[in-house]
Structures are given as structure tokens and as C-alpha cells.
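Report on one structure; see the data block that follows.
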Amino acid sequence: MGSQIRIAACHASPIFLSARETTNKAITFIKQAAKNGANLVVFPESFIPAFPVWSALRPPTENHDLFKRMALESVYADGEELHDVRSAAKAANIMVSIGISEKVRTGSATLYNSNILVSSEGDILVHHRKLMPTFFEKLTWAPGDGFGLRVAETPFGKIGNLICGENTNPLARYALMSQGEQVHISTWPAVWPTRMPGPKPKPDHVDESQDQSNAEPRKNTAANYDNVAANKIRAAAHCFEAKCFGVLCSGVLSDDAIETISAGSFDPQFVSRALEQSQRGATMFLDPTGALLQGFTVDKTTGKHTPTDLLQGTEDILYADMDLEDCIEGKQYHDVVGGYQRLGRV
């Protein structure tokens, strides 16, 4: 097993509520990431076919048609869309982690928020269903189970995944830590609206010395959920405790998503404004201390690498090179699943 790995995190939007077109887009990103030397390419939460953010802004009585479309466009874990993703992974010799809204053959409307980790041979390594849908997600997805709380042993290290809010769950995180996880993937939606947003100055934690060209202006009210800070805090805590690298991969909110979600609403302008002004999720990397790990983007034409801390407002692929031997040093101080754990005698 080598210690070096290059990871590509796709900060991208689906072709909203189109499983086929989004799958085709994912395959394009897979090929691009492989061309740029990545060993693993990561996609956001529920990338195929969409994230059901409408349930945060529209009442359930307005969402029957959108739920129907979501059910029809959700995909089977053994269906043609995943078959094509697996084939693309094998052809490009790259591992793939992709979020899907999963449907099952035993019912027409029971859906799961799932993540599939595919090997470079096209095999499914881990099929994880989100343990508990968060907040308004319960209107779309059923609870998952512990079957997918597994770390994949790969030629490039031990890789695990949790979806969005379950990165707050200490027991789920501990399950992955206890298997020696070295790379932790956390996937997130493009936006997470909790209140109607309004103007707000930049928070103190924004580093003005860093390039913010990819960042969206902060427009939340103080009462709204600070999506980026919350996600980074959770992921950084896990990296620090597990002494592993972190991949935060967020979706992008596209114009077709805003248009579709707003249309048919009792107040389309309200919904559209809420979506447009909501804080965008960020894609970034963390090191085994929980600190930001600078990545880079690759120019499609010239191949030039541009150092980049995060992606937020612009769709692109963020890359990072990691040496998994860097996970060792912190284990001296506190290995919470080993030497820093009080284990009972058997």
C-alpha cells in the first residue's frame, strides 16, 4: 500500500432532477480528474439526481410534484446509472465516491440518502445509507442503517465516508475511527437555509489575505445557520480525533435548480430570493490536525496548477496531494481508538 494519494473533490451541480444527464456529467468529471492524476474523485451529497432543498422553503402541501420527480429520478444501487459510473471508474483507473438518492425495488417511494464508494476496478467497496435524515430531509428520505459504517481498504489507504449531518454523530464517527480510517470524506448540499437571509458583514474567521475569488458574498442574518463554519468545525473535529485527512465536498446551486424549486410555489419570489441569498457550501481539504490543507485547481487548457484554499461560488474540481504517513505523528499524542482508549479485558 502506497502512502501518496491525490484526491479530486468535484464542486459541482447536478443537472437538476435528471439522473441520466447528471450521470453523464459525473462521468465527464471522472475522466477529467483521472487525466489530472487523481486516484480518487469525490462528488457531493445526493449528486444524482438532486438535493431536495425545496422542503426547507416550501410547505409539504406544495411539494407533491417535486417529490414525485425525485422518486422517479432517484437511482438503484444496482441500476444503469451506477453501472455506468462503475464502468467509467474502471476505464479511467480511478476510485469514485458519489452521493445518490437511492430507490429500492421493493417500493415506489421509499428513498435513501446514500453514498457509494467504487474501486478503480469498478467494484462497490462501501454502500452507505445516511443513518438519519436531517431536519427537512425527513420529508424525502427514510432512515438508513449501520451496514455502511465501514472503511474501505484500498491501495491508497483506508477511506471512509459520512453524509452531511451525520458527521455530528460521535458514535458513527467512532465506528470509522476504530477501523483505522486515514481519509474521511464528508459530503454536503449546496445550501442549507434555516431562516430567510438578509445582509450581514463578513465574519471574523474570514482570512482576508487568502484568495476569495471563488467565494460568494456572505448574506446571512445572524440568526441563520452558518453552513460553512458548521461543516468545517465538524470535519476538523473528526480529523483531529481520528488523525486523518478530510475531504469536504459540497454541491453547487445552479440556476435550473432555483428556477425549478421556485416555480409552482405560492410565493415564487420568496423562494427564489431565499435560494439566491443563502450561503453557499464550500469544498475544501483538511490535514490530520484539522487545519486547512491548501488544494489546487487545474486549468483545462494549459494544465496550470493554481493554489486554492476552497471552492464556493464557482463550479470546478479542487485537488490535493496527501501523504498518509502524516497520519502517524498525532497518534503518539492521543490515539482515541488505541493507546488513548481504556479498553476492558476480555
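Computed from heavy atoms alone, side chains included, the values below leave out hydrogens, waters and symmetry copies.
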For the pair [X] and [Y], find out whether any cationic side-chain nitrogen is under 4.0 Å from an anionic carboxylate oxygen.
X: E315; Y: K25; result: yes
X: R86; Y: E121; result: no
X: R105; Y: D78; result: yes
X: K300; Y: D316; result: no

Residue [X] excluded, over 12 heavy atoms near [atom1] under 6.0 Å:
X: K35; atom1: NZ; value: no
X: K31; atom1: NZ; value: no
X: H83; atom1: NE2; value: no

| K130 to Y112, cation-pi by 6.0 Å centre distance and 45° axis angle |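 No, a cation-pi geometry is absent between K130 and Y112.
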| Do we get R150 above F147's six-membered ring, with its NZ or CZ under 6.0 Å from the centre and within 45° of the axis? | yes
Can a donor-acceptor pair be found, under 3.5 Å and without considering hydrogens, that links the side chain of [X] to the backbone of [Y]?
X: R6; Y: N36; answer: yes
X: Q332; Y: I328; answer: no
X: S265; Y: I261; answer: no
X: E45; Y: S186; answer: no
X: T308; Y: T306; answer: yes
X: E137; Y: T134; answer: yes
X: K304; Y: D299; answer: no
X: S250; Y: G281; answer: no
X: W141; Y: L139; answer: no
X: D123; Y: L125; answer: no

Of all the heavy-atom pairs spanning [X] and [Y], show the shortest one and how long it is.
X: N227; Y: Q279; answer: N-OE1, 2.8 Å
X: P44; Y: G251; answer: CB-N, 3.5 Å
X: A235; Y: L248; answer: CB-CD1, 3.5 Å
X: M322; Y: G246; answer: CE-O, 4.3 Å
X: G160; Y: V151; answer: CA-CG2, 4.4 Å
X: L117; Y: S97; answer: CD1-CB, 3.9 Å

| query | Hey, mind stepping through R58 and D267 against salt bridge (Lys or Arg N to Asp or Glu O under 4.0 Å) and telling me if it holds? | reply | CA-CA 9 Å; R58 295 171 48 153; D267 190 345; over 6 Å; no
| task | Show which residues join V85 in its hydrophobic cluster (side-chain heavy-atom contacts under 4.5 Å, direct or indirect), or state none. | result |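 In the cluster with V85 are F29, I30, V41, F43, F47, I48, V75, L82, I94, V96, I98, I100, I116, V118, I124, F296, V298, I317, Y319.
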If you round to the nearest 0.5 Å, how far is [atom2] of [Y] from [atom1] of [X]?
X: M70; Y: N63; atom1: CE; atom2: CG; result: 11.5 Å
X: E81; Y: N24; atom1: CD; atom2: CG; result: 9.5 Å
X: S254; Y: E259; atom1: OG; atom2: CD; result: 10.0 Å
X: L176; Y: E181; atom1: CG; atom2: CD; result: 4.5 Å
X: R280; Y: Q312; atom1: CZ; atom2: CD; result: 9.0 Å

With heavy-atom distances below 4.5 Å as the criterion, would you say the side chains of [X] and [Y] are in contact?
X: K232; Y: M284; value: yes
X: M177; Y: V336; value: yes
X: T289; Y: C239; value: no
X: N39; Y: I7; value: no
X: W188; Y: I163; value: no
X: L40; Y: I185; value: yes
X: F245; Y: L286; value: no
X: K103; Y: T110; value: no

| Can you check salt bridge (Lys or Arg N to Asp or Glu O under 4.0 Å) on R20 and E80, steps first, answer last? | CA-CA 9 Å; R20 183 69 263 165; E80 64 178 68; 3.3 Å; yes
| So Q341 and Y174, side-chain hydrogen bond (donor to acceptor under 3.5 Å, both in side chains) or not? Walk me through it. | CA-CA 12 Å; Q341 172 65 283; Y174 191 87; 2.8 Å; yes
| query | Side-chain heavy atoms under 4.5 angstrom apart, residues restricted to Ile, Leu, Val, Met, Phe, Trp, Tyr: same cluster for F51 and F135? | reply | yes
| request: Only counting residues at least two apart or in another chain, list the ones meeting side chain to side chain contact (heavy atoms under 4.5 Å, CB included) with D323. | output: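 Here the qualifying residues are S3, Q4, E325, D326.
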| Taking only residues two or more places apart in sequence, or in another chain, which ones meet H128 in a ring-ring contact (aromatic ring centres under 6.0 Å, His included)? |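 Result, ring-ring contact (aromatic ring centres under 6.0 Å, His included) vs H128: none returned.
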| Hey, would you say the F240 and H334 ring centroids sit under 6.0 Å apart? |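 Aromatic pair counts; centres sit under 6.0 Å.
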| message | Using ring centroids (six-membered ring only for Trp), state whether F136 and W192 fall under 6.0 Å. | response | yes
| query | Regarding S272 and E276, is there a side-chain donor-to-acceptor distance under 3.5 Å anywhere? | reply |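 Yes, a side-chain donor-acceptor pair sits under 3.5 Å.
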| For residues Y333 and E329, is any side-chain donor paired with an opposing acceptor at under 3.5 Å? |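 The criterion, which ignores hydrogens and geometry beyond distance, is satisfied for E329 and Y333.
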| message | So if I apply the side chain to side chain contact (heavy atoms under 4.5 Å, CB included) rule between D309 and each of L318, L293, L292, which one comes out positive? | response |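 Answer to the side chain to side chain contact (heavy atoms under 4.5 Å, CB included) test with D309 among L318, L293, L292: L292.
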